[in-house]
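No hydrogens, no waters, no symmetry mates; every other heavy atom, side chains included, goes into these values.
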Amino acid sequence: MSQKKINIAIVGLGFGAEFIPIYQKHPNANMYAICQRNPDKLKEIGDAFGIEKRYVSYEELLKDPDVDAVHINTPIQNHAEQSIAALRAGKHVACTVPMATTVEECRQIVEAVKETGLTYMMMETVIYSREFLFVKELYEKGDLGKIQFLRASHQQEMAGWPGYWEGLPPMHYATHCVGPVLALPKAQAAYVSCFGSGKIDDHLIEKYGSPFAIETCHIKYRDSDLSAEVTRSLFNTARQYRESFDVYGSKKSFEWTLIEHEDSVIHTGESPEKVKIPDYAHLLPEEIQHFTTAGVYDSEENQHLSFIQGSGHGGSHPHLVNEFLKALTENRAPYPDAQESANITCVGILAHESAMKGGEIIPLPDFTFKS
């Protein structure tokens with residue numbers, strides 16, 4: 001492994017604090033700076049992790065010539081503006097999902113990456129979860145045979161989350177279910193058709209004008225015979241938290257467990273068998289392997305909502321950090337890069353548009369496709 005070290009600045013220290021010790025332990029990272037608007041929170045986290053360089057102003061952080069890359073963990077409405085500003089300031093960008101909230105913002109990020117030659121990676125957790133890595137290994141070994149169809153869902157009750165989530169269109173936060181169905185075959189979406197179903201409480205509809213309790217989208221792949229289906233809900237729908245994907249192959253198929261913490265199922269022909277999903281820490285540098293099963297938010301009194309509901313994101317956090325740093329030190333594109341991240345994100349944005357138009361087929365913009 002390269003001995004090069006990348007100076008990392010983490011922006012946003014709620015969920016973002018989860019990544020600090022991973023960067024501190026990674027052999028290719030120097031956990032250089034943190035940024036948080038609340039000075040008390042900034043001091044608390046900085047003192048806890050021994051980080052001297054601290055910023056309350058994102059603009060001031062971007063002026064620091066020693067910052068090589070920023071890892072953005074702020075509210076979703078800030079992602080695009082902050083990503084573009086960082087790229088224009090000469091910084092590589094890792095950003096939590098989604099990439100942006102509009103197609104135009106996605107386009108601007110892709111263009112900024114093309115113009116600057118810098119690296120952008122959307123930190124999509126599911127495609128680095130142990131479940132995904134397990135199915136990816138089966139696929140690459142040929143055990144699944146030809147992929148015939150993919151399905152994914154992300155159902156979650158968002159009551160109690162920050163106010164900007166209230167009434168959010170389900171597909172506007174769809175990367176956790178869109179990501180795996182595109183990432184496994186390394187495909188991109190060509191067009192979508194989506195239906196909305198049911199109705200959320202009236203007071204939730206007001207903010208975004210989105211009435212649907214559930215949105216279900218069909219995705220047609222580009223230059224492929226494949227299609228996929230993804231389902232998303234955020235409010236007023238009774239269901240245990242679930243981020244899931246199913247993959248149907250000609251030889252074997254994988255179906256996610258219906259109940260969290262129970263075993264998933266492998267079908268060989270018509271014969272089902274429950275399967276224990278192994279951990280994939282062995283793919284990581286030794287220094288960060290333990291982070292697949294432990295993190296900052298492990299104590300009963302100190303758990304982030306994403307960990308309580310998301311079951312620790314399938315051990316994905318150290319894999320995400322490792323992919324980003326390896327891409328930078330090896331001078332290659334990460335997965336997903338800017339164009340792939342834009343394609344994944346725009347599926348959700350345009351799926352909601354389709355749902356509001358009664359299921360109208362809407363093509364993905366050409367800028368998301370590699371030439």
Could you grab the distance from atom [atom1] of [X] to atom [atom2] of [Y], nearest 0.5 Å is fine?
{"X": "Leu184", "Y": "Leu144", "atom1": "CG", "atom2": "CG", "result": "7.0 Å"}
{"X": "Cys194", "Y": "Ile361", "atom1": "SG", "atom2": "CD1", "result": "12.5 Å"}
{"X": "Leu118", "Y": "Ser83", "atom1": "CG", "atom2": "OG", "result": "12.0 Å"}
{"X": "Cys217", "Y": "Phe195", "atom1": "SG", "atom2": "CZ", "result": "10.5 Å"}
{"X": "Leu168", "Y": "Tyr173", "atom1": "CG", "atom2": "OH", "result": "9.5 Å"}
{"X": "Ile127", "Y": "Leu320", "atom1": "CD1", "atom2": "CG", "result": "7.5 Å"}

Can you confirm whether more than 12 heavy atoms, excluding those of [X], are under 6.0 Å from its [atom1] atom?
{"X": "Tyr248", "atom1": "OH", "value": "yes"}
{"X": "Arg332", "atom1": "CZ", "value": "yes"}
{"X": "Glu81", "atom1": "CD", "value": "no"}

Quick check: closest heavy atoms across [X] and [Y], and the distance to 0.1 Å?
{"X": "Thr345", "Y": "Met122", "value": "OG1-SD, 3.5 Å"}
{"X": "Tyr221", "Y": "Pro185", "value": "CE2-CG, 3.7 Å"}
{"X": "Met171", "Y": "Ala174", "value": "O-CB, 3.3 Å"}
{"X": "Met121", "Y": "Tyr335", "value": "CE-O, 3.5 Å"}

Between [Y] and [X], does any NZ, NE, NH1 or NH2 come within less than 4.0 Å of an OD or OE carboxylate oxygen?
{"X": "Lys25", "Y": "Glu286", "value": "no"}
{"X": "Lys146", "Y": "Asp225", "value": "yes"}
{"X": "Asp366", "Y": "Arg222", "value": "no"}
{"X": "Glu115", "Y": "Arg88", "value": "yes"}
{"X": "Glu323", "Y": "Lys326", "value": "no"}
{"X": "Lys136", "Y": "Glu140", "value": "yes"}
{"X": "Glu104", "Y": "Arg107", "value": "yes"}
{"X": "Lys141", "Y": "Glu137", "value": "no"}

### Message
Quick one, Asp202 with Ile205, criterion side-chain contact (heavy atoms from CB on, under 4.5 Å). Give me CA distance, side-chain angles, the key distance, then yes/no.
### Response
CA-CA 5 Å; Asp202 288 340; Ile205 298 173; 4.0 Å; yes
### Query
When you look at Asp68 and Asn30, which way does the side-chain contact (heavy atoms from CB on, under 4.5 Å) test go after all the steps?
CA-CA 10 Å; Asp68 297 318; Asn30 175 32; over 6 Å; no
[Y] and [X], any side-chain heavy atoms less than 4.5 Å apart:
{"X": "Ile76", "Y": "Pro98", "result": "yes"}
{"X": "His176", "Y": "Glu124", "result": "yes"}
{"X": "Met31", "Y": "Ile10", "result": "yes"}
{"X": "Tyr58", "Y": "Asn78", "result": "no"}
{"X": "Pro169", "Y": "Phe212", "result": "no"}
{"X": "Val135", "Y": "Trp256", "result": "no"}

### Task
Find out if a path of hydrophobic residues (ILVMFWY) with successive side-chain heavy-atom gaps under 4.5 Å connects Ile214 to Leu350.
no
### Query
Would you say Trp161 and Leu13 are hydrophobically clustered, going by side-chain heavy atoms of ILVMFWY under 4.5 Å?
yes
I'd like to know if the side chain of [X] pairs up with that of [Y] as donor and acceptor (distance under 3.5 Å, no hydrogens or angles considered).
{"X": "His26", "Y": "Asn322", "result": "yes"}
{"X": "Gln155", "Y": "Thr237", "result": "no"}
{"X": "Asp64", "Y": "Tyr32", "result": "yes"}
{"X": "Ser227", "Y": "Glu229", "result": "no"}

### Task
Check the pair Glu131, Ser264 against side-chain hydrogen bond (donor to acceptor under 3.5 Å, both in side chains), reporting the backbone distance first and the verdict last.
CA-CA 9 Å; Glu131 294 87 355; Ser264 295; over 6 Å; no
### Task
Kindly determine whether Leu284 and His319 satisfy side-chain contact (heavy atoms from CB on, under 4.5 Å), including the steps that lead there.
CA-CA 7 Å; Leu284 298 166; His319 291 282; 3.4 Å; yes
Strictly distance-based, threshold 3.5 Å: is any side-chain N or O of [X] a donor or acceptor partner for the main-chain N or O of [Y]?
{"X": "Arg130", "Y": "Thr292", "value": "yes"}
{"X": "Asn7", "Y": "Asp66", "value": "yes"}
{"X": "Glu215", "Y": "Ala351", "value": "no"}
{"X": "Asp263", "Y": "Lys276", "value": "no"}
{"X": "Glu157", "Y": "Ala159", "value": "yes"}
{"X": "Arg232", "Y": "Gly348", "value": "no"}
{"X": "Lys91", "Y": "Val67", "value": "yes"}
{"X": "Lys274", "Y": "Glu262", "value": "no"}
{"X": "Lys220", "Y": "Ala189", "value": "no"}
{"X": "Asn236", "Y": "Asp201", "value": "yes"}

### Message
Tell me if the centroids of the rings in Phe324 and His71 come within less than 6.0 Å of each other.
### Response
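Not under 6.0 Å, so no.
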### Query
Are Phe245 and Phe254 near enough that their ring centres are under 6.0 Å apart?
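Yes, the ring centres sit under 6.0 Å apart.
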### Message
By the definition ring-ring contact (aromatic ring centres under 6.0 Å, His included), identify the one residue from Phe291, Tyr128, Phe15 that meets it with His317.
### Response
Phe15
### Task
Please work out which of the three classes, parallel, tilted or perpendicular, describes the rings of His352 and His172, given edges at 30° and 60°.
perpendicular
### Task
For Arg54 and Asp47, run salt bridge (charged side-chain N to carboxylate O under 4.0 Å, His left out): C-alpha distance rounded to whole Å, both residues' side-chain angles, the deciding distance at 0.1 Å, then the answer.
CA-CA 10 Å; Arg54 308 172 189 181; Asp47 290 352; 2.8 Å; yes
